[in-house]
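Encoded as structure tokens, the structure appears first; notes follow it.
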Amino acid sequence: MRTCSIFPTVGTVVLLFLLAALTVEAEYMKYKDRKQPTNTRIKDLMSRMTLSEKIGQMVQLDRTVATAEIMRDYSIGSILSGGGSVPRPQATPVEWINMVNDFQKGSLSSRLGIPMIYGIDAVHGHNNVYKATVFPHNVGLGATRDPDLVKRIGAATALEVRATGIDYVFAPCIAVCRDPRWGRCFESYSEDPRVVIQMTEIIPGLQGDIPADSPKGVPYVGGRNKVAACAKHFVGDGGTTNGINENNTVIDRHGLLSIHMPGYYHSIIKGVSTIMVSYSSWNGLKMHANRDLVTSFLKDTLKFRGFVISDWQGIDRITSPPHANYSYSVLAGVNAGIDMFMLPFNHTDFIDILTGYVNNNIVPMSRIDDAVRRILRVKFTMGLFENPLADQNFVDQLGSQAHRDLAREAVRKSLVLLKNREDEQGAILPLSKNASRILVAGTHANNLGYQCGGWTITWQGLDGNNHSTGTTILSGITSAVDKNTQVLFSENPDSVFLESNKPFDYAIVVVGETPYAETFGDSMNLTLSEPGPNIIRKVCGAVKCVVVIVSGRPIVIEPYLDEIYGLVAAWLPGTEGQGVADVLFGDYGFNGTLPRTWFRNVDQLPMNFGDSNYDPLFSFGYGLTT
């Protein structure tokens, strides 16, 4: 009897186990089955999700406050690295991958195993990461008028981002900067929406070419060598009064749609995965609270099917001062149509407030479902449910020679020749490589940090050559000239230095703006950083000189123009300074044209091509060739 009683028990256990396994397989099959249509998978997964799991998907946290346990317990949808937020200074790609995967394992261990998406500001290459290739900032790319180049830069950036295990970038910025006093003007390709439209080719570079039969507005990411992109900042961020960051854009609807909106039409057609809302207001209404534009226009009229994300603490800034009435801000942001919230620190407050609104029928469940459906659509499109963990297949892509060569090409094509004076010996540019002795001077000649500008390694950028790898403009010059040419460098030479070392065949003076980002770059005077003006006067007063301006925008230059033989706008060229020398010495010609108007003085601003009062120093589209 005793022996017999054991067998039914074992058999029963086995049978129950098999039944349970079959039940689990059947239950999880649809949303985990890559053969199912995306909409079927979304519908199946959402039918299983609780309200708390849905709201968790709407949260994005900074890596500094996230843990694997928080990701698991709250079903958090996304993590980001803010500007300069890194595992450690000079972290290797493998260290980045391990960090991302640790967070992802937390997400995968949650009840439904929904993978998180990891975002970062890769706005001119993978710019937060040590040894990454840093491309010219957008204003320089706008000067190239070369959409194919920008697409190739997008593809290279995607590979470098994937090298660190990251799958989502907050780029491109498709702002149309209408006033160079704005501190983000270097993030804008042009004052002209037609140029910005051209440059949206970076999106298929980042994400892959959208299939011909893809429905309009549906996001697309074409494999593990691509990343989800983010068009930003919706909408009118580049049109604020006096160029003040996060301020008010005063313009009628026709102006908004014809100047600031076209880049979004084209981004959506190209399958952009996400769109970030602007801190700014339109005619007094904060964009983060603008249901008419975010929901009625972007989602309903333009048929955008990706997700809408807030900017960093974007809903906090709906009120003045920020965070003054957070409950109201949550309600306003959710009802406006924002789907994911870059909080990025306190998830519990947001979750508790929004949960209360839903439970009390203040926010309809349909609004939550719309947000989660969009977030899941992007995640399924990216293949995250099949391949949630990063591997090391792309580690060798970070800072690769092929990418540095591409960045050098971009530098060459971005340079705009503004002046090329001729004398009895001909035009000064291109410069002779066979000179006997030349002088290189200026604060920006031997400074990789200044070359790269803001959003490089840190949010605000850095000073010096020790923070990443690349080639300074000075190094490029030294490599370009004949081995017998003597190159003397003095950052700020005094009259004694100039007198004691003459004669010089010519001088190259490299000056400009020091790095900044966002509000820290707002400027009402747009002057050269000191001691730039003094260096120009001293050197160009004593030696025939070419001045190279390293800046994120046009700056006041007219007072020095008479003393200058050659004038070059180099924008913020990034890590490959040799590209500047390539063109200065004639290995390649100057072909860049101004992506924005170069004003005479700030009293003229704002002044854009086509304005009735248009009287620039150099007009939009200007650029001499060699």
Side-chain angles (χ1 to χ4, degrees), residues 121-127 132-158 160-161 169-177 180 182 184-207 229-232 238 262-263 266-267 270 272 403-417 451-456 470 512 517 549-554 568-577 579-580 582-583 588 590-598 620-623:
D121 284 285
V123 296
H124 60 143
H126 199 8
N127 46 263
T133 308
V134 178
F135 293 92
H137 266 298
N138 286 356
V139 65
L141 298 182
T144 71
R145 304 296 203 279
D146 190 339
D148 175 70
L149 170 71
V150 171
K151 183 178 182 180
R152 287 184 283 135
I153 288 171
T157 300
E160 298 213 11
V161 171
V169 298
F170 305 126
C173 177
I174 55 171
V176 181
C177 175
W182 186 36
R184 305 193 78 156
C185 213
F186 65 80
E187 297 183 59
S188 167
Y189 294 109
S190 178
E191 71 186 39
D192 187 333
R194 294 170 299 179
V195 176
V196 175
I197 287 168
Q198 283 186 300
M199 298 298 127
T200 60
E201 260 317 274
I202 195 170
I203 291 168
L206 290 163
Q207 297 192 153
C230 178
K232 66 183 187 182
H266 288 263
S267 298
K270 291 172 183 179
V272 74
H403 295 167
R404 293 190 182 279
D405 291 344
L406 176 61
R408 184 170 171 178
E409 176 190 348
V411 174
R412 292 195 294 260
K413 291 180 173 179
S414 71
L415 301 177
V416 180
L417 180 57
Q451 255 174 240
C452 292
W455 289 112
T456 309
I549 303 292
V550 175
S551 67
R553 54 198 166 187
V568 177
W571 314 110
L572 296 170
T575 51
E576 306 313 303
V580 177
D582 287 342
V583 185
Y588 295 82
F590 281 93
N591 288 301
T593 55
L594 285 180
R596 50 181 322 100
T597 298
W598 203 295
F620 168 83
Y622 178 84

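The first residue of the sequence shown is numbered 1, and numbering continues consecutively from there. Only a predicted model underlies this, so the values are computations on that prediction, with no experimental measurement involved.
Nearest heavy atom pair, residue Thr200 against residue Gly263, reads CG2-O, 3.8 Å. Scanning both residues, Ala407 and Val134, for their nearest heavy atoms gives CB-O, 4.4 Å. Minimum heavy-atom separation, Gln207 to Val272: NE2-CA, 3.6 Å. Heavy atoms only, all atoms of each residue included: Ala156 and Phe135 are closest at CB-CZ, 4.0 Å. The shortest non-hydrogen separation linking Asp192 to Val176 is N-CG1, 4.2 Å. Shortest non-hydrogen contact noted between Ala171 and Ala229 is O-CB, 3.4 Å.
Without hydrogens or angle criteria, Asn138 side chain to Glu187 main chain gives a donor-acceptor distance under 3.5 Å. When atom types are taken as modelled, the side chain of Ser188 and the backbone of Ala175 share a donor-acceptor pair closer than 3.5 angstrom. Panel note: side chain Arg553, backbone Pro180; a donor-acceptor pair is recorded below 3.5 Å. A donor-acceptor pair under 3.5 Å is formed between the side chain of Thr456 and the backbone N or O of Gly454.
With Trp571 as reference, Val416 is the one residue of Leu141, Val411, Ile549, Val416 to meet the side chain to side chain contact (heavy atoms under 4.5 Å, CB included) rule. A side chain to side chain contact (heavy atoms under 4.5 Å, CB included) with Ile197 is found for one member of Pro262, Pro147, Ser267 and no other, namely Pro262. For the side chain to side chain contact (heavy atoms under 4.5 Å, CB included) criterion with Cys177, the lone passing option out of Arg184, Arg596, Glu191 is Arg596.
Separating the CD1 atom in Ile153 from the CD atom in Glu201 is a distance of 12.5 Å, to the nearest 0.5 Å. A distance of 8.5 Å separates CG of Leu406 from OG1 of Thr157, quoted to the nearest 0.5 Å. Here the CD atom belonging to Glu576 is positioned 12.0 Å from the NE2 atom belonging to His403, to the nearest 0.5 angstrom. Taken to the nearest 0.5 Å, the CG atom of Asn591 stands 12.0 Å off from the CZ atom of Arg145. Of the inter-residue distances, the one linking Ile203 atom CD1 with Cys230 atom SG reads 9.5 Å to the nearest 0.5 angstrom. Summarising the geometry, atom OG belonging to Ser551 is positioned 6.5 Å from atom CG belonging to Leu572; distances are rounded to the nearest 0.5 Å.
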For this session: Given side-chain contact (heavy atoms from CB on, under 4.5 Å), test Ser190 with Met199 step by step and report yes or no.
Result: CA-CA 10 Å; Ser190 178; Met199 298 298 127; over 6 Å; no
Exercise. Between Phe170 and Val123, is a side-chain contact (heavy atoms from CB on, under 4.5 Å) present by the stated rule, with each step listed?
Worked result: CA-CA 7 Å; Phe170 305 126; Val123 296; 5.6 Å; no
Problem set entry | Phe620 vs Val195, side-chain contact (heavy atoms from CB on, under 4.5 Å): CA-CA, chis, key distance, verdict | CA-CA 11 Å; Phe620 168 83; Val195 176; 4.0 Å; yes
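Considering only heavy atoms from C-beta on, Leu415 stays 4.5 Å or farther from Tyr588 through its side chain. Side chains of Pro554 and Thr597 form no contact here, defined as non-hydrogen atoms less than 4.5 Å apart.
Residue Tyr622 places its OH atom among more than 12 non-hydrogen atoms of other residues, nucleotides or ligands, all under 6.0 Å distant.
Using the six-membered ring where Trp is involved, His137 and His124 have ring planes that are parallel, under 30° apart on the 30 and 60° scheme.
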